[in-house]
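First the proteins, then the strands, lettered A, B, ... as listed; each starts at 1.
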Amino acid sequence: MLRAERQVGWNRVLTLSPQQAKGFFESNRRHIMAKSNELPKDDLYKLRHSAAHVMAEAVLELYPEAKVAIGPPIQEGFYYDFDLGRNADGTARTFAPDDLEWIEGRMRQIIGGRFPFQYREVSADEAKALFADQPYKIELIEGLERGSFDEYGNPLEEAPVISTYKHDTFEDLCRGPHVENTGKIPPDGFKLLSVAGAYWRGDENRPMLQRIYGTAWKNKKDLKAYLDRLEEAKKRDHRKVGKELDLYSSDSDDVGGGLILWHPNGALMRHLAEEFCKDEHLAHGYVLAYTPHIGRAKLWETSGHLGFYADNMYSPIEIEGQEFYLKPMNCPFHVNIFKSRLRSYRDLPVRMAEWGTVYRFERSGVLHGLARVRGFTQDDAHLFCRPDQMPAEIDRVLNFCLHILRSFGFTEFNAYLSTKPEKSVGPADQWQAAEHALEEALKRAEIPYEIDPGGGAFYGPKIDLKMLDALDREWQLSTIQFDFNLPERFDLHYIGEDGQQHRPYMIHRALLGSMERFFAVLIEHYGGNFPVWLQPQQVAVIPITDRNNDYAYQVQGKLEAAGLRVEVYDNSDRMQAKVRDAQLMKIPYMLVLGDREEEAGMVNLRLRTGERRGNMTLDDFLAMALDVVASKALI
RNA sequence: GCCACCCUAGCUCAGUCGGUAGAGCAGCGCAUUCGUAAUGCGCCGGUCGUCGGUUCAAAUCCGACGGGUGGCUCCA
C-alpha cells in the first residue's frame with residue numbers, strides 16, 4: 001500500500017514534478033516508513049480496534065450529525081476520524097476541550113454494557129443503503145466495489161468481501177477482527193490522548209477531519225507503564241536536554257525557525273565529533289573539499305535541481321544581474337571539482353568529502369528541534385569510481401559507515417534497501433549491478449535489512465539506515481545512494497585503459513546524515529549522558545572548602561595537561577550543592593577534594609551514575625579516564 | 001501550510017468571577033567553609049508574544065498577526 005503510494009509518487013517524479021521529487025537525497029527528511037510491518041491481529045489489535053468502534057459510538061451520541069471516516073488500531077493505540085459538520089458560521093466544527101472527557105466516560109458505560117460485536121457480510125448495495133448518510137463510508141464501499149481498495153482505501157489484490165461489525169447502536173464497515181463484546185475492553189486500560197486534524201486519506205486537498213487518538217492496553221498496569229514510558233521519553237527529548245545542558249537554541253522570533261544556534265557546549269561536542277570523523281575520512285582514503293553556500297542558477301539547471309527540487313529551495317539571490325541559489329545539496333559542486341581536470345582510470349576512485357551546510361525549505365509545521373531544520377550540515381561525500389571498482393567501493397563505504405556509527409555507540413538501527421522504481425533513469429544492467437552490490441554488502445556486513453521494492457530514487461538504488469528517537473520515531477541518518485543521473489547531466493567521464501572516455505559511477509553518501517539531526521538522535525540516545533570523549537566538560541573538581549582550592553587547581557592543571565576538560569567548582573557553595581550542579585550537567589566524573597584527600601594526595605571519585613568509587617591516586621584516575629576517552633566508552 | 005492546544009521574569013510555573021503581577025530556580029550582594037543531588041538573608045528582574053477591539057477597568061473576554069507543541073506518516 002505504501003509501496004503503491006510511493007510508486008505513484010515516483011511516477012510523478014519522472015514527469016519532474018517538483019512536489020514529488022522530495023525523496024531526492026533526503027538525508028534530512030524524516031522518512032516515510034518503508035517497513036511492511038502489518039500489525040499482528042492479536043488480542044491488542046482486537047482490543048484497540050474495538051475501542052475505536054466504541055469511541056465512534058460515543059462521538060455519534062455527542063455529535064449525532066457527525067460523519068465517520070476510518071478508525072484503525074495503530075502501534076500503541078487507535079484513532080478514529082470524524083467530520084463533525086459545520087458551525088453556524090460555516091467553519092468546520094471541531095471537538096471542544098472537554099469532549100474527550102465526556103467521550104471517555106461514555107465509552108466506559110458502553111463497555112459496561114457488554115454489547116457483543118456482531119459480524120455480517122453484505123452486498124455492495126446493501127452496504128451503500130446501510131451507510132447512505134455516511135459519505136466517507138460510501139467512498140470506501142465504492143472502492144471496495146471496484147475491488148481494488150480495502151476499507152481504508154488501500155489497494156488490494158483481490159476484491160474483498162464487504163463486511164460490517166455491529167455493537168450496541170453502532171455498525172461500522174469493517175473487516176475485523178474484534179473482541180467478543182465491549183466488556184472485553186478494560187475500562188481502566190484505555191485513555192483518549194489528543195485530538196488532531198487529519199486530512200481525509202492523508203490528502204491535503206481533501207477535507208480535514210477531526211481525529212481522536214487513544215491508547216488501549218490489556219489492563220491498567222500496562223496502560224500506566226505506557227504512560228510512564230511517554231513521561232520518560234519527554235525527559236530525554238533533545239529539545240529539553242539541549243536547553244538544560246546549554247547545547248543549542250533556536251530563536252524563531254529573531255533568527256528564524258529551523259535555524260540552529262550551536263552554543264559553546266554543543267559546538268564543542270560537534271567539533272569533537274567532526275574532528276574525529278574528518279580524521280577517519282582522511283585515514284580511509286577520502287579527500288576533503290570546501291564549496292560555497294551559493295551557486296549560479298545555471299549550475300542548478302544542469303544538475304536538475306531547479307527542475308525537480310525547486311520546492312525545497314529558497315528564492316534566488318540576484319548579484320549583478322545573475323541569479324544565485326543557496327545550495328540545497330553539495331553534489332553539483334563536488335561534480336564540478338571532479339570535472340575540473342581530466343581524470344584517468346588510475347585516479348579512481350575519488351572519494352570527496354565535505355561537511356557541507358545546505359539550506360532546504362521545510363514547511364513551518366514540520367520543523368522539529370534539531371531533527372528537522374531548514375539549514376544543516378551534512379557529512380556529505382561523493383564517490384566516483386569505475387564500474388569494476390563499484391562492488392568493493394560499496395562494501396568499503398558501508399563498513400566505514402558502520403565503523404563511524406559504532407564509534408558513537410550506535411549499534412542498533414533499521415536498514416532499508418530501496419530498489420528500482422517502475423520508471424527510472426540509467427541502464428537496467430547498471431541498476432541490477434548496483435542493487436546486487438548494495439545487497440551483497442549488507443549481507444557481508446551481516447546487517448538485517450528490509451527491501452523496499454521500487455522504493456529507490458529514480459536516479460538510483462540506495463541503502464538507508466534509520467535510528468530511533470526517545471519516542472521510537474524513526475529518523476534517517478545514513479544514506480548510500482547510487483546516482484545514474486548526475487554523471488549523465490554533467491557529462492562526467494574518465495579516460496580508461498583503452499584511451500577512451502568512460503562514464504564513472506557516482507555514489508552519494510552521508511553517514512551521520514546531518515550534524516543537526518545526528519545530535520538530536522545522539523542526545524536522545526544517551527539522554528544527555530554522553531560518552532566521555534564527547535562530553536564538553538569531563539571532570540568537575542569539587543573542593544569541599546576554600547582551603548582545598550589550591551589543591552583543586554593543581555589537580556585541574558595535571559588533568560588538563562593530559563587533555564581532559566576540567567572545571568573547578570571554586571564558588572562558596574556547599575559541597576552538596578556543587579555535586580548537584582555537576583550532576584545536573586551530567587558531568588561524568590566528580591572529584592571531591594577535602595582535607596583528607598589533600599593530605600593523602602588522593603582524589604575521591606564520584607560518577608554521574610551516583611556510584612562512589614572512593615579515594616584513588618590522581619594517576620590512577622587519570623589512567624582510567626584517559627582509557628575511557630580513548631575507547632570512546634560511556635563512563 | 002492545515003487542525004487542536006499553548007505563549008506571564010533568563011528558566012520552570014502560579015495567577016479565582018475582569019479590579020491593575022506572584023513563587024521557586026538562575027543572576028547580583030552579604031554572611032557561611034560545610035564530606036557526595038539544593039546553606040541563609042537581602043537585592044535585581046515583567047509593556048503578561050504583538051497589534052487592535054469590548055469595558056469605568058483586560059494577563060484574564062473577542063479578533064487579527066507572530067511564535068511554540070502535538071497531529072496531519074505508523075495504514076494490513
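- Here A:Ser252 reaches the OP1 or OP2 of B:G68: one of its side-chain N or O atoms lies under 4.0 Å away.
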- salt bridge (Lys or Arg N to Asp or Glu O under 4.0 Å) between A:Asp203 and A:Arg201: does it pass, once the steps are laid out? CA-CA 5 Å; A:Asp203 182 344; A:Arg201 295 204 160 164; over 6 Å; no
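- The base of B:U32 sits with one of its N or O atoms less than 3.5 Å from a complementary donor or acceptor on the side chain of A:Ser572.
- At the heavy-atom level, A:Arg239 lies under 4.0 Å from the strands shown only through sugar-phosphate atoms.
- At distances below 3.5 Å, not a single donor-acceptor pair connects side-chain atoms of A:Lys466 with backbone N or O atoms of A:Leu477.
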- Message: As a check on the pairing definition, encode RNA chain B in dot-bracket form, counting Watson-Crick and G-U wobble pairs whose two distances are under 3.5 Å, and using | for partners outside this strand.
- Response: (((((((..((((.....[..)))).(((((.......))))).....(((((..]....))))))))))))....
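- Listed here is the closest heavy atom pair of A:Arg613 and A:Leu607: NH2-CD1, 3.4 Å.
- Residue contacts shown for A:Gln583 include a base, since a base heavy atom lies under 4.0 Å away.
- The main-chain N or O of A:Lys462 is never found under 3.5 Å from a side-chain atom of A:Gln481 such that the two would form a donor-acceptor pair.
- Residue contacts shown for A:Arg211 are limited to sugar-phosphate atoms, with no base heavy atom under 4.0 Å away.
- On a pure distance criterion of 3.5 Å, a polar donor-acceptor pair joins the side chain of A:Asn604 and the base of B:U36.
- A:Lys243 comes within contact range of the sugar-phosphate backbone alone, with a heavy-atom separation under 4.0 Å but no base atom that close.
- At least one cation-pi condition fails for A:Arg48 and A:Phe78: the charged atom is not both under 6.0 angstrom from the six-membered ring centre and inside a 45 degree cone around its axis.
- Base contact: A:Leu584 has a heavy atom under 4.0 Å from a base atom.
- Classification of the A:His368-A:Trp475 ring pair by plane angle, with boundaries at 30° and 60°, yields parallel.
- In this structure, the CG atom of A:Asn571 is 16 Å from the P atom of B:U32, given to the nearest Å.
- Within 4.0 Å of A:Gln210, counting heavy atoms only, lie sugar-phosphate atoms of the nucleic acid but no base atom.
- Looking at heavy-atom distances under 4.0 Å, A:Glu611 makes no contact with the nucleic acid at all.
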